[in-house]
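Only a predicted model underlies this, so the values are computations on that prediction, with no experimental measurement involved.
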Amino acid sequence: MSAAVSLQEIVEAAVEASRDRIGALLPALHAIQDKLGHVPPDAVPMIANALNLSRAEVHGVISFYHDFRTEPPGEHTVQLCRAEACQAMGSRELERHARQKLGVSFGQTTPDGLLTLEPVYCLGNCACAPSIRINDEVHARVSPARFDELIAGLEAAE
Amino acid sequence: MTAPRVFVPRDATACALGADRVAEAIVAAAADRGIELVLIRNGSRGAFWLEPLVEVETTAGRVAFGPVDVDAVPGLFEAGFPGDTDHALALGQVTGIDWLASQQRLTFARAGWTDPLSLDDYRAQGGYVGLARALDLSSQQIVDEVKESGLRGRGGAAFPTGIKWQTVLDAPGQRKFIVCNADEGDSGTFADRLLMESDPYQLIEGMTIAGLAVGAQEGFIYLRSEYPHCKAVLTEALARAERAGYLGEDVCGSGQRFRIELRIGAGAYICGEETSLLDSLEGKRGLVRFKPPLPAIEGLLGLPTVVNNVLSLGAVSTILADGASHYRDFGSGRSRGTLTVQLAGNIKRGGLVEVPFGLSLRDLVMGYGGGTASGRPARAIQVGGPLGSYLPEALWDTPLDYEALAEAGGMLGHGGVVVFDDTVDMAQQARFAMEFCAVESCGKCTPCRVGSARGVEVIDRLIAGRDRARDLKVLDDLCDTMVDGSLCAMGGLTPYPVRSALKHFPEDFG
């Protein structure tokens with residue numbers, strides 16, 4: 001089975017699951033990204049065709065929302081909250097520390113492919129800031145030292 | 001003797017502070033010692049400074065321990081946990097914790113007491129009483145009840161909920177929608193999240209009542225993707241409510257149909273704006289729409305749609321259960337019911353505070369909040385999220401209600417209160433307000449899309465201090481343009497944090 005066929009299948013399954021829903025495109029994109037970690041550019045014409053949309057419409061939606069990626073992410077996604085409540089508890093310093101420690105900027109993946117660093121604007125954990133999210137887990141009161149521990153945990157799990 | 005019931009919250013903040021690991025450690029320690037106990041993952045009470053807050057049910061009531069970390073668990077058991085103990089983390093009866101006991105919990109009355117997914121718990125604590133009553137009323141009677149309660153939208157704009165519902169009820173057409181705005185994007189807010197994670201059936205019940213009130217059979221919860229715990233709870237709660245006949249083709253045997261679908265956003269602050277949210281629900285870019293037409297007339301798919309915040313819809317359950325007058329009797333002036341504020345940022349005792357309207361900001365932050373977490377003097381308080389003003393100490397005696405705060409140049413918004421200590425650089429905060437607007441603008445109108453990018457540059461020049469008089473003039477002009485020329489609150493309110501920072505803390509700007 002070629003890679004292209006399998007992408008087509010993934011797209012079809014994602015679209016099929018949402019076809020009868022209002023606004024099927026967003027749930028379909030989520031389903032594809034949940035499966036592949038990103039929405040490959042090759043999927044765009046397939047999605048457009050399946051949902052009777054233009055490629056521009058599909059591309060427009062993918063590029064509008066921060067969540068959708070067109071490149072594969074690292075094995076883990078680390079989101080740093082940059083919003084005000086976290087700023088009040090040192091998130092600006094944490095951000096500097098994280099960039100330096102990992103050697104990447106927001107939106108970039110570490111060379112070993114371990115993690116992708118992303119900004120996020122509020123995780124709703126504002127009483128115990130600063131907050132970060134690693135995959136689906138939120139961590140509270142993350143000092144630079146605590147950040148290092150959490151990253152070491154990811155490295156050790158390799 | 002039955003095994004004691006031990007409660008460890010499953011809420012996102014409690015888990016961010018290690019509640020899952022504490023729960024595992026308690027089960028393991030009990031097994032090691034041959035102690036029988038029943039572990040229940042309850043919701044949180046919103047006293048986040050005490051999380052993970054572990055509770056044990058006793059004949060005299062719930063006894064609390066907190067904050068409990070994994071390392072404290074063996075010591076707790078050695079001191080007699082889950083039985084009587086005078087361990088250092090013992091807080092006594094949970095009803096005796098003043099921070100909680102002094103609050104007036106209406107919307108959050110059940111939060112923390114129950115297993116959020118248990119329908120039995122929900123019903124045992126007054127759940128679904130409101131729906132039962134609504135099923136005996138006509139649509140107009142339900143709408144009248146909500147109008148009489150004085151409920152105003154809790155998302156931020158404070159529009160009277162009953163008036164909105166009346167518009168949808170009166171709008172012609174067979175197909176109408178109830179949309180719950182659960183895109184709680186303001187920094188410093190977590191009340192919606194707490195309600196959905198700790199008492200999800202209250203929202204589901206409120207939406208069902210809304211459906212009966214306006215003749216809608218389809219509901220959507222638009223939840224932000226940043227809330228994975230919430231997604232898990234809502235998914236399960238919706239499935240259970242449907243299985244129990246509270247949702248579906250025949251709600252409680254009434255012959256009325258109402259379904260709710262959970263939709264997940266994709267990381268866009270602007271989708272908290274109701275028209276942008278509707279576009280997003282339709283599978284499009286979340287662009288803000290022109291108003292009019294109002295969503296109540298032409299909303300989702302151009303059909304009449306109620307768009308309400310989580311807390312507004314939740315409050316409807318209480319209003320129908322206890323009556324409009326009960327709700328209206330709380331509050332001050334035109335701000336009725338209870339005020340839900342969230343203490344966040346640099347705060348010693350952060351969390352959710354539900355009190356009657358009218359408490360001053362100072363009493364809230366110094367009383368409930370206990371001052372800053374850092375122990376340094378507080379310097380600025382941002383109320384109402386990233387589009388809210390920064391208030392200096394001189395304004396902290398303002399009572400917290402919609403009108404009084406507006407008079408002080410602020411806004412209550414969704415009730416976020418973010419405290420900064422004296423290390424804050426207010427020029428950087430002003431810059432961030434513009435930066436955030438540039439990142440999150442939907443791009444539809446120029447004052448917001450371009451104005452915010454220019455705003456960052458002007459503030460950078462101000463900080464550099466090359467031509468202060470000119471740059472102040474440019475910034476002022478730019479703010480006027482954004483306030484007057486933006487389609488929605490994103491561009492229209494971004495100047496508020498900027499101007500308040502400049503006005504009250506000019507010494508920080510170059």
Chemist: Heavy-atom count around A/Arg55 CZ within 6.0 Å, excluding the residue itself: above 12?
Modeler: no
Chemist: Report the distance from atom CD of B/Glu440 to atom NE2 of A/His66, rounding to the nearest 0.5 Å.
Modeler: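 These two atoms lie 3.5 Å from each other.
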Chemist: Which pair of heavy atoms, one from A/Phe64 and one from B/Cys442, lies closest together, and at what distance?
Modeler: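 Between these two residues, the closest heavy atoms are CE1-O, 3.8 Å.
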Chemist: Under 4.5 Å heavy-atom distance to chain A, tell me which part of B/Leu301 shows up: side chain, backbone, both or neither.
Modeler: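 Only the side chain of B/Leu301 comes within 4.5 Å of chain A.
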Chemist: Please classify the contact between B/Gln429 and chain A as side chain, backbone, both or neither, with a heavy-atom cut-off of under 4.5 Å.
Modeler: both
Chemist: Taking every heavy-atom pair that is under 4.5 Å apart, which of A/Cys122, A/Ser18, A/Ala28, A/Ser63 has the most such pairs with chain B?
Modeler: A/Cys122
Chemist: Let's test your reading of the structure: which of B/Ala12, B/Ser225, B/Ala268 forms the most heavy-atom pairs below 4.5 Å with chain A?
Modeler: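 Answer, by heavy-atom pair count under 4.5 Å with chain A: B/Ser225.
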Chemist: Shorter than 4.5 Å, heavy atoms on both sides: which option in B/Leu300, B/Leu194, B/Leu17 has the most such pairs with chain A?
Modeler: B/Leu17
Chemist: Identify which one of B/Phe190, B/Phe48, B/Trp49 satisfies the side-chain contact (heavy atoms from CB on, under 4.5 Å) criterion when paired with A/Cys128.
Modeler: B/Phe48
Chemist: Mind ranking B/Gly267, B/Ala266, B/Gly385, B/Ala344 by heavy-atom pairs under 4.5 Å with chain A and telling me who comes out on top?
Modeler: B/Ala266
Chemist: For B/Arg285, which atoms come within 4.5 Å of any heavy atom of chain A: side chain, backbone, both, or neither?
Modeler: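 Both the backbone and the side chain of B/Arg285 come within 4.5 Å of chain A.
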Chemist: Check each atom of B/Val439 against the heavy atoms of chain A and say whether the ones under 4.5 Å are side chain, backbone, both or neither.
Modeler: both
Chemist: Any side-chain to backbone donor/acceptor pair from A/His30 onto B/Gly265? Under 3.5 Å, distance only.
Modeler: yes
Chemist: Hey, could you give me the OH/SG distance between A/Tyr65 and B/Cys271, rounded to the nearest 0.5 Å?
Modeler: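 If I round to the nearest 0.5 Å, the distance is 4.5 Å.
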Chemist: Using a 4.5 Å heavy-atom cutoff, which residues in residues 91-105 of chain A come close to chain B?
Modeler: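 Listed by number, the contacting residues are A/Arg92.
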Chemist: Taking 4.5 Å as the heavy-atom cut-off, does anything in residues 146-156 of chain A contact chain B, and if so which residues?
Modeler: A/Arg146
Chemist: Which atoms of B/Glu197 are under 4.5 Å from chain A, going by heavy atoms: the side chain, the backbone, both sets, or neither?
Modeler: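 No part of it gets close to chain A.
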Chemist: Which answer fits B/Glu184, side chain, backbone, both or neither, if we ask what part of it has an atom under 4.5 Å from a heavy atom of chain A?
Modeler: neither
Chemist: Heavy-atom distance under 4.5 Å to chain A: side chain of B/Asp186, backbone, both or neither?
Modeler: backbone
Chemist: Please report the closest heavy-atom contact between B/Leu343 and A/Ala127, naming both atoms and the distance.
Modeler: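 For B/Leu343 versus A/Ala127, the nearest heavy atoms are O-CB, 3.6 Å.
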Chemist: Give, as side chain, backbone, both or neither, the part of A/Arg141 having an atom under 4.5 angstrom from any heavy atom of chain B.
Modeler: side chain
Chemist: Between B/Arg263 and chain A, which part of the residue has a heavy atom less than 4.5 Å away: side chain, backbone, both or neither?
Modeler: side chain
Chemist: Using non-hydrogen atoms and a 4.5 Å limit, figure out which bit of B/Leu281 sits close to chain A: side chain, backbone, both or neither.
Modeler: backbone
Chemist: A/Asn125, A/Ile62, A/Val142, A/Val58: which one forms the most heavy-atom pairs within less than 4.5 Å of chain B?
Modeler: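 If we count pairs closer than 4.5 Å to chain B, A/Asn125 comes out on top.
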Chemist: Tell me, for B/Thr189 versus chain A, whether the close heavy atoms (under 4.5 Å) come from the side chain, the backbone, both or neither.
Modeler: backbone
Chemist: With rounding to the nearest 0.5 Å, note down the distance linking CG in A/Leu26 to CD in B/Glu282.
Modeler: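 The CD atom of B/Glu282 is 11.5 Å from CG of A/Leu26, to the nearest 0.5 Å.
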Chemist: In terms of heavy-atom proximity below 4.5 Å to chain A, should B/Phe432 be classed as side chain, backbone, both, or neither?
Modeler: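 Contact with chain A involves the side chain of B/Phe432 alone.
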Chemist: Please name the pair of heavy atoms, one in B/Tyr227 and one in A/Leu123, separated by the smallest distance, quoted to 0.1 Å.
Modeler: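 Minimum heavy-atom separation between B/Tyr227 and A/Leu123: CE2-O, 3.5 Å.
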Chemist: Look at B/Asp20, B/Ile264, B/Val424, B/Asp11 and state which one has the largest set of heavy-atom pairs under 4.5 Å with chain A.
Modeler: B/Ile264
Chemist: I need the A/Asp136 CG to B/Lys231 NZ distance, nearest 0.5 Å.
Modeler: 7.5 Å
Chemist: Nearest 0.5 Å please: distance from the CZ atom of A/Arg82 over to the OG atom of B/Ser187.
Modeler: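 Interatomic distance, A/Arg82 CZ to B/Ser187 OG, rounded to 0.5 Å: 12.0 Å.
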Chemist: Report which part of B/Leu262 has an atom under 4.5 Å of a heavy atom belonging to chain A: side chain, backbone, both, or neither.
Modeler: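 When you check distances to chain A, only backbone atoms of B/Leu262 fall under 4.5 Å.
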Chemist: Kindly check if the number of other-residue, nucleotide or ligand heavy atoms within 6.0 Å of CG (A/Asn52) is above 12?
Modeler: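 Not more than 12 within 6.0 Å, no.
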Chemist: For chain A, find which of B/Ser374, B/Gly46, B/Ser280 contributes the most heavy-atom pairs closer than 4.5 angstrom.
Modeler: B/Ser280
Chemist: Going from CG on B/Asn346 to CD on A/Gln87, what distance comes out if it is rounded to the nearest 0.5 angstrom?
Modeler: 12.5 Å
Chemist: Between A/Val61 and chain B, with a heavy-atom cut-off of 4.5 Å, which part of the residue counts as in contact: side chain, backbone, both or neither?
Modeler: both
Chemist: Using non-hydrogen atoms only, which part of B/Ile270 is less than 4.5 Å away from chain A: side chain, backbone, both, or neither?
Modeler: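 The answer is the side chain of B/Ile270.
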Chemist: Report, as yes or no, whether the 6.0 Å neighbourhood of atom CD on A/Glu71 holds more than 12 heavy atoms from other residues, nucleotides or ligands.
Modeler: no
Chemist: If you count the non-hydrogen atoms of other residues, nucleotides and ligands that lie under 6.0 Å from OH in B/Tyr496, is the total more than 12?
Modeler: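 Counting neighbours around OH of B/Tyr496, 12 or fewer heavy atoms of other residues, nucleotides or ligands fall under 6.0 Å, so no.
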Chemist: Any idea which heavy atoms bring A/Gly124 and B/Arg224 closest together, and the distance?
Modeler: N-NH1, 4.4 Å
Chemist: Might you point out which heavy atoms bring A/Glu84 and B/Pro386 nearest each other, and give the distance in Å?
Modeler: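 Looking at all heavy atoms of both residues, the shortest contact is OE2-CB, 3.3 Å.
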Chemist: Heavy atoms only: give me the nearest A/Arg133-B/Glu226 pair and the separation to one decimal.
Modeler: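 Smallest interatomic distance, heavy atoms only, reads NH1-CA, 3.4 Å.
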Chemist: Pick one of side chain, backbone, both or neither for B/Thr372, based on which atoms fall under 4.5 Å of a heavy atom in chain A.
Modeler: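 B/Thr372 has no heavy atom closer than 4.5 Å to chain A.
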